[in-house]
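What follows is a set of notes on a single structure, which appears directly below.
Fair warning: this is a prediction, and the values are worked out from it, not measured in the lab.
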Amino acid sequence: MYTLMGGGLLCAVSGLVLLIVATATDFWMQYRYSGNLSNQGLWRFCVGGKCHPHTISIAFWDATRAFMLLSILSCFAGIILGLTAFSSSTRASRTRSAGITLLIAGLFALLGLSVYTGVTVNFFGKRYTDWRFSWSYILGWIAVILTLSAGIFHVCAVSKSPSTETSNVASG
């Protein structure tokens with residue numbers, strides 16, 4: 001049980017760091033604009049080395065931002081629940097709650113990245129001929145894998161442990 005919980009927490013902390021970096025940085029997409037290499041993130045775009053905030057509010061940016069921020073908050077909550085499960089008398093329920101919270105965090109990030117992917121391919125892919133997804137976007141997908149893995153590890157830890165809660169129910 002402790003090995004799965006420890007592995008889950010390691011994946012969760014790594015996923016949280018990658019989620020924060022991916023959400024905060026400006027390299028989700030790179031493209032050529034007027035001969036200059038340009039890039040954009042969720043919060044601003046950079047052309048010719050000068051960065052500017054997004055001035056128009058487009059629904060897909062707002063949705064991606066919201067899902068990524070919800071993912072960060074859920075992942076943080078899952079880590080706290082996972083850490084408190086080590087010293088709690090209700091270990092199984094806290095571990096299960098941490099696993100479910102981390103799975104939800106992974107799903108939020110998956111939704112945010114999927115929305116961004118769909119709009120980018122269908123809109124920006126037609127607008128700019130020389131474009132590509134960049135490292136911030138890739139870190140986001142790695143964070144999805146780590147966060148979902150962390151949730152699965154925690155859920156599996158509950159099923160592998162001979163819990164006192166379930167033995168009390170069975171005996172009595």
query = Donor-acceptor pair, Arg65 side chain versus Leu42 backbone, under 3.5 Å?
reply = yes

key: Linked, directly or transitively: Leu103 and Leu16 (ILVMFWY side chains, under 4.5 Å)   = yes

inquiry  = Could you measure the distance from the CG atom of Leu69 to the OG1 atom of Thr64? Nearest 0.5 Å is fine.
reply    = 10.5 Å

ask   = If you count the non-hydrogen atoms of other residues, nucleotides and ligands that lie under 6.0 Å from CZ in Phe76, is the total more than 12?
value = no

request  = State the CD1-CG distance between Ile72 and Leu18, to the nearest 0.5 angstrom.
outcome  = 11.0 Å

task = Give the ring-plane orientation class for Trp141 versus Tyr137, where under 30° counts as parallel, over 60° as perpendicular and anything between as tilted.
result = perpendicular

message = Could you see if Val13 belongs to whatever hydrophobic cluster contains Leu4? Use Ile, Leu, Val, Met, Phe, Trp, Tyr and a side-chain cutoff under 4.5 Å.
response = no

ask   = Closest approach of Gly99 and His154, non-hydrogen atoms and distance?
value = CA-CB, 3.5 Å

ask   = Going from CG on Leu81 to CZ on Arg96, what distance comes out if it is rounded to the nearest 0.5 angstrom?
value = 12.5 Å

Point-to-point distance, once rounded to the nearest 0.5 Å, from CD1 of Ile79 to CG of Leu10 = 10.0 Å

query = Can any side-chain N or O of Asn39 pair as donor or acceptor with the backbone N or O of Asp26 at less than 3.5 Å?
reply = yes

ask   = Under a single-linkage definition using a 4.5 Å side-chain heavy-atom cutoff for Ile, Leu, Val, Met, Phe, Trp and Tyr, are Met68 and Val115 assigned to the same hydrophobic cluster?
value = yes

Shortest non-hydrogen separation from Ala92 to Val158 and the atoms involved = O-CG2, 3.6 Å

inquiry  = Are His52 and Phe45 packed together at the side-chain level, in the sense that at least one heavy-atom pair is separated by less than 4.5 angstrom?
reply    = yes

query = Is the Trp135 ring parallel, tilted or perpendicular to the Phe27 ring (thresholds 30°, 60°)?
reply = parallel

remark   = Hits for disulfide (SG to SG under 2.5 Å) against Cys11, two or more places apart or cross-chain, chain-then-number order -> none

key: Donor-acceptor contact below 3.5 Å, side chain Thr23 vs main chain Ile20   = no

ask   = Atom CZ in Arg94, atom CD1 in Ile80: separation rounded to 0.5 Å?
value = 11.0 Å

key: Gln30 and Asp130: CA distance, side-chain angles, deciding distance, side-chain contact (heavy atoms from CB on, under 4.5 Å) verdict   = CA-CA 8 Å; Gln30 289 182 327; Asp130 187 19; over 6 Å; no

request  = Any chance you could measure Lys50, atom NZ, to Arg44, atom CZ, to the nearest 0.5 Å?
outcome  = 14.0 Å

query = Does the Thr117 side chain pair with the main chain of Leu113, one donor and one acceptor, at a distance under 3.5 Å?
reply = yes

ask   = Quick one: are Gln40 and Trp61 in side-chain contact, heavy atoms under 4.5 Å?
value = yes

query = With distance as the sole test, does Thr147 use its side chain to make a donor-acceptor pair with the main-chain N or O of Gly15 at under 3.5 Å?
reply = no

query = Where is the tightest heavy-atom contact between Leu148 and Gly106, given as atom of each residue plus distance?
reply = CD2-CA, 3.8 Å

message = Ignoring hydrogens, what is the shortest heavy-atom contact between Met5 and Gly82? Give both atom names and the distance.
response = CE-O, 4.2 Å

Flag, side chain of Arg91 to backbone of Phe86, donor-acceptor distance under 3.5 Å = yes

ask   = Got Val155 and Phe153 here, is their nearest side-chain heavy-atom distance under 4.5 Å?
value = no

message = Main chain of Cys156, side chain of Ser159: is a donor-acceptor contact present, judged purely on distance under 3.5 Å?
response = yes

inquiry  = Thr120 vs Met29, test: side-chain contact (heavy atoms from CB on, under 4.5 Å). Steps then yes/no.
reply    = CA-CA 9 Å; Thr120 300; Met29 185 179 87; 3.4 Å; yes

For the student: nearest non-hydrogen atoms of Gly140 and Ala22, plus distance = N-CB, 3.7 Å

task = Dump the intermediate steps for ring pair (Phe, Tyr, Trp, His ring centres under 6.0 Å) on Trp43 and His54, then the final yes or no.
result = CA-CA 6 Å; Trp43 310 101; His54 290 296; 8.8 Å; no

Closest approach of Gly78 to Thr101 (non-hydrogen atoms, all atoms of both residues) = N-CG2, 3.6 Å

request  = Following the transitive rule for hydrophobic clusters with a side-chain heavy-atom cut-off under 4.5 Å over Ile, Leu, Val, Met, Phe, Trp and Tyr, establish whether Leu146 and Val21 coincide in one cluster.
outcome  = yes

message = Is there a side-chain contact between Phe133 and Val121 in this structure, where contact means two heavy atoms from C-beta onward sitting under 4.5 Å apart?
response = yes

task = Determine, stepwise, if the pair Tyr116 / Trp28 fulfils ring pair (Phe, Tyr, Trp, His ring centres under 6.0 Å).
result = CA-CA 9 Å; Tyr116 187 84; Trp28 281 57; 4.9 Å; yes

ask   = Do Ile145 and Ile100 belong to the same hydrophobic cluster, where Ile, Leu, Val, Met, Phe, Trp and Tyr are linked whenever their side-chain heavy atoms lie under 4.5 Å apart, directly or via other members?
value = no

inquiry  = Using side-chain heavy atoms (C-beta onward) and a distance below 4.5 Å, is Leu102 in contact with Cys75?
reply    = yes

ask   = Are the side chain of Ser74 and the backbone of Ser71 linked by a donor-acceptor contact shorter than 3.5 Å?
value = no

